[in-house]
Amino acid sequence: MVPRRSRLAAGLLAALVAVTSGGCTVPTFAPNGAGEVLPRSGASADPRTDTNWKPCPEIPQELVGRGASDMTYSCASVTVPRDWTNAGSGETYSIAMIRIRSNTQQNRIGSLLINPGGPGGSGIDTAVYLSFGERLGGLPTEITNRFDIIGFDPRGVGRSDPVKCIDADDQDASFAAPPDPVTPEQFDDLVALNRKIADGCGGKYGRQLPLFSTEQAAKDMDALRIAVGDDKLSYLGYSYGTLLGATYAQLYPTNIRAMVLDGAVDPKQTFIEGSESQAKGFERAFTNFSNWCKATPDRCPIAPDARKAVTDALAAADKDPIEHTDGRKATSGWIFVAVISSLYTETGWPALAAAIAGLKQGNPRGVFTLADQYTERKQDGSYTNLFDANLAVNCADTKDAPDIDEIRRLQGEWRQKYPLFGAALAVGMLPCTFWPGDRDPYPAGAATGAPQILVVGTTGDPATPYENTADLASMLGVGRVLTWEGEGHTAYPSTKCVVDAVDGYLIDLQVPQEGLRCPAK
């Protein structure tokens, strides 16, 4: 399944590489004292004086080679029950967070809690990227001057008791597999691989697997709100982070000060509906890429027919994949991952065109660069825990995963409706079909008692299609839609119109006018 991820880090990093010291290695996506938030009795406590923030300049140093000027980085962790429904069990997780504070901060409002999506994306990493300011695609000075920026890694993610149960060879095999396994042998091989992965995760984590659900993580967020000393939560959630925020809003509606949900997930959709929605979104985004190629052939070496060029590349790879210098072969699976990776931002389009053109010349480097950025595969062949956590959260949330026969049927149907992405999104549901353990689905209802929540949608969004925006706002009952007529996944901070609307809401609680649409540029 295509994880729902934020566009932010990918957009920031190209710029950051240019301004950081030479020789640093920058990850491509795309956040430690301790203070216990709740005693084991489960009763609320106020740990504001106990949260032990410690300087952690090594975090931005490791990520981008330096910290942002005029920013101070501090880290802490918060202890939460593993299972909020049985908080007295004594079993806990540690939630890691970073606080980024501007040295020019004045008239502080409070903290702005950030989640970048995924599920599996590091909020700590994303907060660091966002700290470099609007010129590099980060947060505007108006925001950093009024808020502490709080990035956190949700339970099971990154630095917060990370889930790690898929070995690198199985990850490679999964990404290299045909995106549309047509023959029975290909399909059976993919089924066997997904069974193996699910069994491995079940064997390692057992009864813990349901505890990585979105609802459990949303309850952690309220512990974080208390830990940073805020009476009310200000929150910025991207992509899957909109689902996490919407869940929080239903559980703790009166604890919200302001909430921005950018790149909406529709909680009312079934698992199948959500997967088909993404197939439709990526198909639309690829069509937009193809139209760009045709209109700007000087920038697109696979013009005028980019769709044919990509389809031909996938077919050629199934017959005779080109070998990379690291020994991997550029199979149709790796090419497909590269295509997915490039559609998250409009700035990725030239890289995709160049990568497909490179294949024609026998050079798969561009394909693997895009694919490895997306999968967080490191040069030594290891992976972060992005996809381990992605499966753990998505499958814990999913009570209605289809069986093998249904997936095989949908594969054929969606191939006709969404020629490039439909079949792949259908078979992408296989992991949750085999996922062991109980499930813990999130709620899908109104946030009764919450203030107005800003829901931001991008008309060309591939991963969280624009149609979800109004649906999420309507479900919450207090949503106000802001539309960006742009390309890529998520909108803020992209243009002055979007920035002005979101900043005015976060700072002054001024809800944008109904029906506001911001132009692409």
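- Under 3.5 Å, the side chains of Ser474 and Asp471 contain no donor-acceptor pair of N or O atoms.
- The closest side-chain donor-acceptor pair between Tyr238 and Asn115, if any, does not fall under 3.5 angstrom.
- Residue Pro519 comes nearest to Glu485 through the heavy atom pair CA-OE1, 4.0 Å, listed as atom of the first residue, atom of the second, then distance.
- A donor-acceptor contact closer than 3.5 angstrom links the side chains of Tyr466 and Thr483.
- Exactly one of Leu139, Val499, Ile143 qualifies for a side chain to side chain contact (heavy atoms under 4.5 Å, CB included) with Glu134. That residue is Val499.
- The aromatic ring centroids of Phe175 and Phe387 lie less than 6.0 Å from each other.
- Separation of the Phe336 and Phe421 ring centroids falls under the 6.0 Å cut-off.
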Using the rule given for side-chain hydrogen bond (donor to acceptor under 3.5 Å, both in side chains), can you reason through Thr72 versus Arg101, listing the C-alpha separation, both sets of side-chain angles and the distance that settles it, and then say yes or no? CA-CA 5 Å; Thr72 299; Arg101 180 175 286 173; over 6 Å; no
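- Counting non-hydrogen atoms of other residues, nucleotides and ligands closer than 6.0 Å to NZ of Lys280 gives a total of 12 or fewer.
- Side-chain contact of Asn145 with Gln106: a donor-acceptor pair under 3.5 Å is absent, judged by distance alone.
- Ring-centre distance between Phe212 and Tyr93: below the 6.0 Å cut-off.
- Nearest heavy-atom pair across Trp435 and Ala392 is CZ2-CA, 3.7 Å.
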Using the rule given for side-chain contact (heavy atoms from CB on, under 4.5 Å), can you reason through Val456 versus Val260, listing the C-alpha separation, both sets of side-chain angles and the distance that settles it, and then say yes or no? CA-CA 7 Å; Val456 187; Val260 178; 4.0 Å; yes
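- Between the side chains of Thr433 and Asn194, no donor-acceptor pair of N or O atoms lies under 3.5 Å.
- Enclosure of atom CG in Asp438 is not indicated, since only 12 or fewer non-hydrogen atoms of other residues, nucleotides or ligands lie within 6.0 angstrom.
- Crowding of Lys399 atom NZ: a count of heavy atoms from other residues, nucleotides or ligands under 6.0 Å not exceeding 12.
- The aromatic ring centres of Tyr374 and Tyr344 sit less than 6.0 Å apart.
- A side-chain donor from one of Thr214 and Tyr240 sits under 3.5 Å from a side-chain acceptor of the other.
- Taking both residues in full, the closest heavy atoms of Ala450 and Val478 are given as O-CG1, 3.6 Å, listed atom of the first, atom of the second, then distance.
- Donor-acceptor pairing under 3.5 Å is lacking for the side chains of Ser160 and Asp153.
- For Ala68 against Tyr73, the heavy-atom pair with the smallest separation is N-OH, 2.8 Å.
- Using a 4.5 Å cut-off on side-chain heavy atoms (C-beta onward), Pro162 and Val157 make no contact.
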Under the salt bridge (Lys or Arg N to Asp or Glu O under 4.0 Å) rule, what do Asp222 and Arg225 come out as? Steps first, then yes or no, please. CA-CA 5 Å; Asp222 205 52; Arg225 174 191 63 80; 2.8 Å; yes
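- No side-chain heavy atom of Cys75 sits less than 4.5 Å from a side-chain heavy atom of Met97.
- Inspection of the Glu276 and Tyr418 side chains reveals an N or O donor paired with an N or O acceptor under 3.5 Å.
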Output, in order, the C-alpha distance, side-chain angles, deciding distance and verdict of side-chain hydrogen bond (donor to acceptor under 3.5 Å, both in side chains) for Asp220 and Trp84. CA-CA 9 Å; Asp220 295 343; Trp84 282 95; 2.7 Å; yes
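- Annotation for Lys232: atom NZ counts as buried by contact number, over 12 foreign heavy atoms lying within 6.0 Å.
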Checking side-chain contact (heavy atoms from CB on, under 4.5 Å) for the pair Leu113/Leu236: CA distance, chi angles, key distance, verdict? CA-CA 6 Å; Leu113 200 67; Leu236 172 60; over 6 Å; no
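- Side-chain contact, Arg82 with Thr92: no donor N or O sits under 3.5 Å from an acceptor N or O.
- Using modelled atom types, one finds a donor on one side chain and an acceptor on the other under 3.5 Å when comparing Gln105 with Asp148.
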Using side-chain contact (heavy atoms from CB on, under 4.5 Å), reason through Trp349 and Thr347 one step at a time and then give a plain yes or no. CA-CA 6 Å; Trp349 293 357; Thr347 56; over 6 Å; no
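- Residues Thr458 and His489 have side chains that never bring a donor and an acceptor to within less than 3.5 angstrom of each other.
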Passes side-chain contact (heavy atoms from CB on, under 4.5 Å), Val163 versus Cys165? Steps please. CA-CA 6 Å; Val163 174; Cys165 55; 4.0 Å; yes
